[in-house]
Engineer: 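Got a structure for you, questions after.
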There are 2 protein chains.
Amino acid sequence: MTLKAQFDHTNCSECPIRHRAVCAHCEANELEELEKIKYYRSFEAGQTIIWSGDPMSFVGSVVSGIASLTQAMEDGRTQMVGLLLPSDFVGRPGRDTAPYDVVAKTDLVMCCFRKKPFEEMMVTTPHIAQRLLEMTLDELDAAREWMLVLGRKTAREKIASLLSIIVRRDATLHASSASGPIVFDLPLSREAMADYLGLTLETVSRQISALKKDQVITLESKRHVTVPDMGRLMEEAGDDTDGGFLI
Amino acid sequence: MTLKAQFDHTNCSECPIRHRAVCAHCEANELEELEKIKYYRSFEAGQTIIWSGDPMSFVGSVVSGIASLTQAMEDGRTQMVGLLLPSDFVGRPGRDTAPYDVVAKTDLVMCCFRKKPFEEMMVTTPHIAQRLLEMTLDELDAAREWMLVLGRKTAREKIASLLSIIVRRDATLHASSASGPIVFDLPLSREAMADYLGLTLETVSRQISALKKDQVITLESKRHVTVPDMGRLMEEAGDDTDGGFLI
DNA sequence: AAGGTACTTTGACCGAGATCAAGTGGAAAC
DNA sequence: GTTTCCACTTGATCTCGGTCAAAGTACCTT
């Protein structure tokens, strides 16, 4: 099998997990072993999927719903360090314990593989490691992009940046690439947004109100957002880059 | 070759790049091809090794010296998103352009491999991808740990955190694992520390003075630091975790 | 319809860190 | 020796976002 073929699962329309995951449907055509160690798990909104420090017995992908990766200090301060949207991979081949909490933010379904057999497959099936490397590099880029947001952006820019990446992830999932007004639902509470942005929920609320007053966004309800001009929003985010951002 | 053997280059004492890199010495014993595409490059302090957005023709490891990964906004605000110490890997197999500036902070030597042949080798030599995956996961953990620092820690905690990771990286390089006072040189200017911590250089200076006044550290000169009690420093950093931190 | 709960908004005030501005010290250059 | 330069320190003031508090809103259950 050529390298091209190995990376060419990007458009399997059958697959609920799409291109960024180790796709059960795609893999199964090549590797009946993967099918054997595959199983599904459901979680309710608010449920903790993995506790930081616990041994991890599985890896997998988000099929539907949204989860967060969160780090905490002992005094209670918390920082969300990643968002898991459908197609995102969870887990660390070669790692025994989870480095952070994984919490379902909505009802959520995961497609899991038992870790041990999965790791064995990585040895015998090289292109799995290569695809995981691709995905991990994407996540690393996203994490570093986010470091700029956390370290240097103002509260208003942080909010605009978060809205931008949510829109962008939505766009890649729904393939609705068009100019003109964009409508979407916020998958996160104000508190969760604050955790992601290194702010307080009050500041998040105030800045959203300010963006609304300045007509950068419109709110049909507290969670339902319209962006009349995406270019304007990205300006507010202080973003020149229109690529990147894959959290 | 077994999985264990594949990951067992961790203690090659000959190799200047040590365990986290694709080690030219180690690999050469198995793969004369790697030797063929290997070459060394030297840089002076302050020199930019890679410009953000430029095409990248090589990957490689830091042999000696220190470099930074930096992201910038168009208005000049910058955020350092990673430190490259000896043994760290630079470059993205499968990526065409560099996502951030790489700048030598001290005089620096890199061991490089031309990217194209390196990528071809990744296909034929599975365990290279597996080792790169390991390393990338380490970097991702470090980046996310740093997101907590940037998003939630106070200026004083940020400084203590930075000193902690420098000490820790120093320790793994010099294998000087002992309790008692620790002495080391700051490889970064106050401005570079500020860039890493999302602060201004004035705040960095003030907080270092404060830590000195409170006898958490001693300064023999502006860059030469003594830490009488490492536990105290980590307390100041707000760190419970004594693992992790591999930036 | 009434009450409860969780989420959100808004206001008043405060403080950590940014900004602006001098001043210091030490090493290299002349 | 002294001049220059650069990294660093310290001071004064301001501002953005945090903190504390209260009120508003939507969605439950009863």
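From a predicted model like this one, the values you see are computed outputs, not experimental measurements. Convention: sequence-line order gives letters A, B, ...; per-chain numbering from 1. Hydrogens, waters and symmetry mates play no part in the numbers below; they use all other heavy atoms, side chains included.
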Engineer: Whole-Å distance between dT25(D) C1' and R223(A) CZ?
Structural biologist: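 Interatomic distance, CZ of R223(A) to C1' of dT25(D): 13 Å.
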Engineer: Take a 6.0 Å sphere around CD of E191(A) and say whether it holds more than 12 heavy atoms from other residues, nucleotides or ligands.
Structural biologist: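 No, CD of E191(A) has 12 or fewer neighbouring heavy atoms, counting only those of other groups under 6.0 Å.
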Engineer: Rounded to the nearest Å, what distance is computed from the NZ atom of residue K212(B) to the P atom of nucleotide dT9(D)?
Structural biologist: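 Roughly 7 Å, once rounded to whole Å.
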Engineer: Quick check: are there more than 12 heavy atoms from other residues, nucleotides or ligands sitting under 6.0 Å from CD of E220(A)?
Structural biologist: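 Yes, the 6.0 Å shell around CD holds more than 12 heavy atoms from other groups.
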Engineer: Strictly distance-based, threshold 3.5 Å: is any side-chain N or O of W146(B) a donor or acceptor partner for the main-chain N or O of G82(B)?
Structural biologist: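 Flag not set: sc W146(B) to bb G82(B) has no pair under 3.5 Å.
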Engineer: Starting at atom CG of L201(B), determine the distance to atom P of dT10(D), rounded to an integer number of angstrom.
Structural biologist: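 Spelled out: CG on L201(B) to P on dT10(D) is 13 Å.
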Engineer: When the nearest nucleotide of DNA chain D is assigned to S189(B) and to Q207(A) on a heavy-atom basis, which residue is associated with the more 5' position?
Structural biologist: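 In this pair, the answer is S189(B).
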Engineer: Using the rule side-chain contact (heavy atoms from CB on, under 4.5 Å), only one of L69(A), L150(A), T70(A) pairs with Q79(A); which is it?
Structural biologist: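 With Q79(A) as partner, L69(A), L150(A), T70(A) yield a single side-chain contact (heavy atoms from CB on, under 4.5 Å), made by L150(A).
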Engineer: When all nucleic acid strands are considered with a 4.0 Å heavy-atom cut-off, which category describes S221(B): base, sugar-phosphate, or nothing?
Structural biologist: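 No contact.
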Engineer: Could you tell me how far apart L186(B) (CG) and dC8(D) (C1') are, to the nearest whole angstrom?
Structural biologist: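 So the CG-C1' distance, L186(B) to dC8(D), works out to 13 Å.
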Engineer: G198(B) near the nucleic acid: base, sugar-phosphate alone, or nothing, with a heavy-atom cut-off under 4.0 Å?
Structural biologist: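 Sugar-phosphate, backbone atoms only, no base.
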Engineer: Can you tell me the distance, in whole Å, between the NZ atom of K153(A) and the P atom of dG17(D)?
Structural biologist: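 Computing the K153(A):NZ to dG17(D):P distance gives 14 Å.
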Engineer: Can you tell me if S209(B) touches the phosphate of dT10(D), counting only side-chain N or O atoms and a distance under 4.0 Å to OP1 or OP2?
Structural biologist: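 Checking dT10(D) against S209(B), a side-chain N or O does come within under 4.0 Å of OP1 or OP2.
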Engineer: Less than 4.0 angstrom between a side-chain N/O of R206(A) and OP1 or OP2 of dG17(D), yes or no?
Structural biologist: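 It does not, given that no N or O in the side chain of R206(A) lies less than 4.0 Å from OP1 or OP2 of dG17(D).
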Engineer: 5' to 3' on DNA chain C, which nucleotides open and close the contacts with chain B (atom under 4.0 Å from a heavy atom)?
Structural biologist: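 For DNA chain C, the relevant span reads dG17(C) to dC20(C).
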Engineer: On DNA chain C, does the nearest nucleotide to R152(A) precede the nearest nucleotide to E191(A) from the 5' side, or the other way round? Give the residue.
Structural biologist: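 The 5'-side residue here is E191(A).
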Engineer: May I ask you to decide if Q207(A)'s main-chain N or O and R156(A)'s side chain share a donor-acceptor pair within less than 3.5 Å?
Structural biologist: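 Not confirmed, R156(A) side chain does not pair with Q207(A) backbone.
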Engineer: Rounded to the nearest Å, what distance is computed from the CD1 atom of residue I208(B) to the C1' atom of nucleotide dT9(D)?
Structural biologist: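 So the two atoms are 11 Å apart, to the nearest Å.
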Engineer: Is there side-chain contact between L83(B) and R169(B), with at least one heavy-atom pair below 4.5 Å?
Structural biologist: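 With C-beta onward as the side chain, the pair stays apart.
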Engineer: Between the side-chain atoms of E202(A) and the base atoms of dC20(D), is any donor-acceptor pair under 3.5 Å?
Structural biologist: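 Yes, the side chain and the base share a sub-3.5 Å donor-acceptor pair.
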Engineer: May I ask you to check whether over 12 heavy atoms, not counting those of Q215(B), lie within 6.0 Å of atom CD?
Structural biologist: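 Incorrect, the count does not exceed 12.
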Engineer: By nearest heavy atom, map K222(A) and T154(A) onto DNA chain D; which one lands nearer the 5' end?
Structural biologist: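 Per heavy-atom nearest nucleotide, the more 5' residue is T154(A).
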Engineer: Quickly work out the R190(A) CZ to dA26(D) C1' distance and round it to whole Å.
Structural biologist: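 Rounding to the nearest Å, CZ of R190(A) and C1' of dA26(D) are 13 Å apart.
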Engineer: Could you check whether T200(B) gets within reach of a base, just the sugar-phosphate, or nothing at all, counting any heavy atom under 4.0 Å?
Structural biologist: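 It contacts base atoms.
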